[in-house]
Amino acid sequence: MTPSTPAQDQPLPVVVLISGRGSNLQAILDSAQAAGYQVRGVISNRAEAAGLERARAAGVATRVLDNRNFPDRVGFDRALMELVDSFAPGLVVLAGFMRILTEAFVVHYRGRLLNIHPSLLPAYRGLETHQRVLTAGEKEHGASVHFVTEELDGGPVVLQARVPVLPGDTPDGLAARVLAQEHRIYPEVIGWYARGRLRLAGEVVYLDDRPLSPQGIRRGA
Ligand code: GAR
């Protein structure tokens, strides 16, 4: 008789939340097996999100929870929590999920909720980051994977990828180069978490039991 596999050898169940295109979701799906996690479910707040088709093509369960059907943010987030928890995830991954989450949601998943943001946080929180970086004449831009805490785009950073701003860059061109880096760093961080190498304690991120600086690990492109 084959002995049952110890729990830590099982792939980590992950739920991914999206609102749109889902190119990060695709990168996450593509790396799952090698990195030791399994995407159990993909949830979108938009039925027309192209990422849902990517999930279906990968044989992953999809759900749509349209925030417009809820009178307020609290009600939507409560229903979202229930839906996420129905997949019993070990980690919840925001991949272009364009919703501000309530404190109750963030507290519920503290330490097991990751986000990717298209800037070198803490710089350029919020939207339109590529345009704002160009307008400000920055020489450098990038993306950050961070744990989500109560502060919007303010949670402790795990890993950043830097991208040089080139002469004549347009927002779309810059966005495309940043996105290519997002696709590298997000699956990597999820893999660290899946292997038990990454944790959040208070406001400090530990990788292999060593505390990271508040900016996390910063890599060149
Ligand atoms: C990505 O660039 C991601 O960093 C950004 O939305 C895009 C989603 O693209 N997220 C945010 O701006 C969150 N504040 P995708 O749907 O192709 O992964």
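First listed ligand is number 1; within each ligand, the first listed atom is number 1.
- Separation of atoms CG (Asn67) and OG (Ser19) is listed at 8.0 Å; rounding is to 0.5 Å.
- Protein heavy atom at the shortest distance from atom 14 (N) of ligand 1 is His117 ND1, 3.4 Å.
- Counting the atoms of ligand 1 from 1 in the order shown, those under 4.0 Å from a heavy atom of Gly96 are 6 (O), 8 (C).
- Scanning all heavy atoms of the two residues, the minimum distance from Leu127 to Arg132 falls at O-NH1, 2.6 Å.
- In terms of polar-atom proximity, defined here as any N/O pair under 3.5 Å, Asn115 makes no such contact with ligand 1.
- A salt bridge does not link Arg197 to Asp209: none of the charged nitrogens lies less than 4.0 Å from a carboxylate oxygen.
- A donor-acceptor pair under 3.5 Å is absent between the side-chain atoms of Arg219 and the main chain of Ile185, judged by distance alone.
- Any N or O atom pair closer than 3.5 Å counts here, and Glu182 shares at least one such pair with ligand 1.
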Requested in this report: Walk me through it: do Asn115 and Tyr186 pass the test side-chain hydrogen bond (donor to acceptor under 3.5 Å, both in side chains)?
Outcome: CA-CA 9 Å; Asn115 183 42; Tyr186 215 179; 4.9 Å; no

Report task. For side-chain hydrogen bond (donor to acceptor under 3.5 Å, both in side chains), just list the numbers for His146 and His117, CA-CA rounded to whole Å, side-chain angles, deciding distance to a tenth of an Å, and then say yes or no. Result -> CA-CA 8 Å; His146 67 98; His117 183 76; 5.8 Å; no

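- The cationic group of Arg99 lies under 6.0 Å from the six-membered ring centre of Phe76 and within 45° of the ring axis, placing it in a cation-pi geometry.
- Each of the following atoms of ligand 1 lies closer than 4.0 Å to a heavy atom of Pro118: 4 (O), 5 (C), 10 (N), 11 (C), 12 (O).
- An N or O contact shorter than 3.5 Å is missing between Gly20 and ligand 1 by distance.
- Judged by a 6.0 Å distance limit and a 45° cone about the ring axis, Arg199 is positioned over the six-membered ring of Tyr206.
- Around atom 15 (P) of ligand 1, the closest heavy atom drawn from Ser23, Ser119, Ala27 belongs to Ser23.
- Residue contact check: Met98 has heavy atoms under 4.0 Å from atoms 11 (C), 12 (O), 13 (C) of ligand 1.
- The atoms of ligand 1 that sit less than 4.0 Å from any heavy atom of Arg21 are 9 (O), 15 (P), 16 (O), 17 (O).
- Atom numbering of ligand 1 starts at 1 in the shown order; those under 4.0 Å from a heavy atom of Leu179 are 2 (O).
- The closest approach between any non-hydrogen atom of Ile116 and ligand 1 is below 4.0 Å.
- For Gly22, the heavy-atom gap to ligand 1 drops under 4.0 angstrom.
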